Amino acid sequence: MANVIHSSEYPRSTFLILDNLQCLVAENSLDTILSHLKQFYPPRKQPRIEVKGKIYLAKQYAIKFGAISMGSVNKGIVVEVEDKDQSRVSQCWSELTAFTKGLLDSSQPMDVPMFARQSDRPYLPSDSMSHYAFIFEQLRKTPSVTGAIK
Amino acid sequence: MATKPSGQSYEYVLYGSVSPANHAALLHRLRGLCTGATTGGSTFTDREITYKIEAGAASSKVKVRQSLDAPDAPWLLVYHGQLELGDSSRAAGVRTVVSAACSHTLTDCLSYLGFMPIGELVLKGQVFRKGGVKVLVFTMYQPSDVTDLDSIQPFSQNYLVELTAFASSSQDRAIDELRNFAEYLKPYPTLPDVLKMSNPPLWRESECVLVVAVTL
């Protein structure tokens with residue numbers, strides 16, 4: 001129904017992502033409010049998903065390699081490449097995909113998430129979190145899938 | 001404001017009402033007592049929507065507070081615990097409060113999560129501060145059309161006075177500060193004695209405002 005995501009890059013924020021990938025960005029006290037309301041929702045059945053890894057910087061790109069673990073089970077690796085100089089997807093998409101393909105030496109096509117191409121509005125941290133939520137949902141359904149996000 | 005790392009704190013609250021005849025005198029006294037007196041207190045116009053969620057017999061409410069003066073400011077999601085009254089050793093009501101600043105997708109997300117809006121208010125008035133005490137003197141309006149905020153009707157001609165102080169625990173000196181401050185405001189806000197009543201009076205529960213006052 002909804003995912004709650006925390007990120008070490010935004011330590012004072014909590015992201016609540018719904019099934020329709022709409023994102024609510026709030027302060028950390030949202031967690032306390034949700035704990036007061038948990039009696040109205042069914043308890044969580046699946047273990048937490050964690051992504052841990054390192055960040056590498058190359059020119060204007062920040063590359064994150066994260067190992068995904070669901071409980072104590074490893075599920076794969078997430079690679080995130082961020083262009084720190086650009087704020088709109090349309091401005092940097094082609095260079096970003098070329099850089100990522102060169103980095104991963106991958107010939108498979110890069111899937112574009114629908115919400116990143118919808119408009120020319122500035123890219124927000126909530127877009128990244130929605131994308132992570134999308135990947136986590138895919139992982140929960142098909143455990144053998146490894147996802148790469150851009 | 002003292003808060004635990006989780007964002008939860010206790011709030012002491014006193015309510016009263018003041019008639020239009022005494023409103024100017026009350027504001028004059030508040031300007032003298034409070035910080036930022038030269039600016040005369042700052043005005044605010046807020047829209048508050050109350051949402052309710054139910055599961056069987058249990059239900060819970062949260063409030064969404066939006067500033068109409070600063071449309072780009074984050075919206076506030078506030079959860080209040082039960083207001084505890086009836087303790088004669090304590091001069092004010094106390095309740096837990098947790099608030100979180102949120103993005104403007106808040107109302108859509110609450111509706112998606114199963115919350116139903118059950119009341120909407122517009123609050124217009126002034127805010128004063130003195131130490132840890134916050135004083136709001138305001139009028140409540142009900143928008144007759146939620147999309148047209150110019151068509152708002154006041155509930156009554158009286159002004160509502162709300163005194164709040166935050167504390168990190170339910171046994172805190174903040175209540176003394178609140179009580180002492182309220183003493184300075186006498187006799188303008190009317191504070192009917194409700195401790196002796198079995199049920200505190202509810203001022204239009206449909207708008208989800210509980211107006212209760214405690215004698216000092």
Side-chain angles (χ1 to χ4, degrees), chain A residues 1-46 48 87 113-116 118-119 121-134 136-137, chain B residues 1-11 49-67 72-84 95-118 166 168-169:
Chain A
M1 195 179 189
N3 286 306
V4 178
I5 296 186
H6 298 92
S7 170
S8 56
E9 285 203 74
Y10 311 101
R12 300 179 77 90
S13 293
T14 296
F15 299 88
L16 179 73
I17 294 128
L18 308 175
D19 285 346
N20 58 7
L21 296 182
Q22 195 169 24
C23 184
L24 176 73
V25 185
E27 289 178 308
N28 283 337
S29 40
L30 180 68
D31 300 329
T32 313
I33 296 179
L34 291 175
S35 68
H36 282 290
L37 299 170
K38 62 183 177 190
Q39 57 176 311
F40 300 101
Y41 298 102
R44 182 180 64 204
K45 289 177 195 134
Q46 288 172 332
R48 292 193 341 172
S87 60
M114 284 166 48
F115 48 81
Q118 266 177 358
S119 65
R121 61 168 177 78
Y123 193 82
L124 296 168
S126 52
D127 294 321
S128 290
M129 298 304 139
S130 299
H131 202 165
Y132 271 110
F134 178 71
F136 296 158
E137 283 303 308
Chain B
M1 182 173 99
T3 55
K4 294 178 186 169
S6 64
Q8 178 162 311
S9 64
Y10 291 92
E11 181 185 52
I49 312 171
T50 304
Y51 284 85
K52 188 175 180 181
I53 189 166
E54 284 176 339
S59 70
S60 193
K61 290 178 193 154
V62 291
K63 290 183 183 162
V64 173
R65 199 93 175 224
Q66 174 196 3
S67 169
D72 294 334
W75 295 5
L76 210 61
L77 176 68
V78 184
Y79 171 84
H80 287 297
Q82 195 71 16
L83 184 64
E84 286 174 33
R95 60 187 176 188
T96 56
V97 62
V98 193
S99 67
C102 300
S103 58
H104 294 191
T105 50
L106 179 58
T107 46
D108 295 336
C109 289
L110 285 176
S111 302
Y112 191 92
L113 291 173
F115 283 83
M116 299 282 299
I118 55 170
F166 289 95
S168 56
S169 73

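The model shown is predicted, which means the values in this text are computed figures rather than measured ones. Letters A, B, ... are given to chains in the order of the sequence lines, protein chains preceding strands, and every chain is numbered from 1.
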Closest approach of [X] to [Y] (non-hydrogen atoms, all atoms of both residues):
| X | Y | result |
| --- | --- | --- |
| B:Ser59 | A:Phe40 | C-CZ, 3.5 Å |
| B:Cys109 | A:Leu24 | SG-CB, 3.7 Å |
| A:His36 | B:Tyr79 | CG-CE2, 3.5 Å |

Leading residue by heavy atom contact count with chain B [cutoff under 4.5 Å; candidates A:Leu18, A:Asn20, A:Thr14]: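 Ranked by contacts with chain B, first place is A:Leu18.
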
Between A:Asp19, A:Leu37, A:Ile33, the one whose heavy-atom pairs under 4.5 Å with chain B are most numerous: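 Sorted descending by pairs with chain B, the first entry is A:Ile33.
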
Choice from B:Pro74, B:Gly81, B:Cys102 maximising heavy atom contacts with chain A below 4.5 Å: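 Most heavy-atom pairs within the cutoff with chain A belong to B:Cys102.
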
Candidate pair A:Leu16 and B:Tyr112, rule side-chain contact (heavy atoms from CB on, under 4.5 Å), full reasoning: CA-CA 12 Å; A:Leu16 179 73; B:Tyr112 191 92; over 6 Å; no

Stepwise side-chain contact (heavy atoms from CB on, under 4.5 Å) test for B:Leu113 and A:Tyr41: CA-CA 9 Å; B:Leu113 291 173; A:Tyr41 298 102; 3.4 Å; yes

side-chain hydrogen bond (donor to acceptor under 3.5 Å, both in side chains) partners for A:Arg48, two or more places apart: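 side-chain hydrogen bond (donor to acceptor under 3.5 Å, both in side chains) list for A:Arg48, sorted by chain: A:Glu50.
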
Reported CD-to-CG distance for the pair A:Glu27 and B:Leu77, which is rounded to 0.5 angstrom: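 The distance works out to 10.5 Å.
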
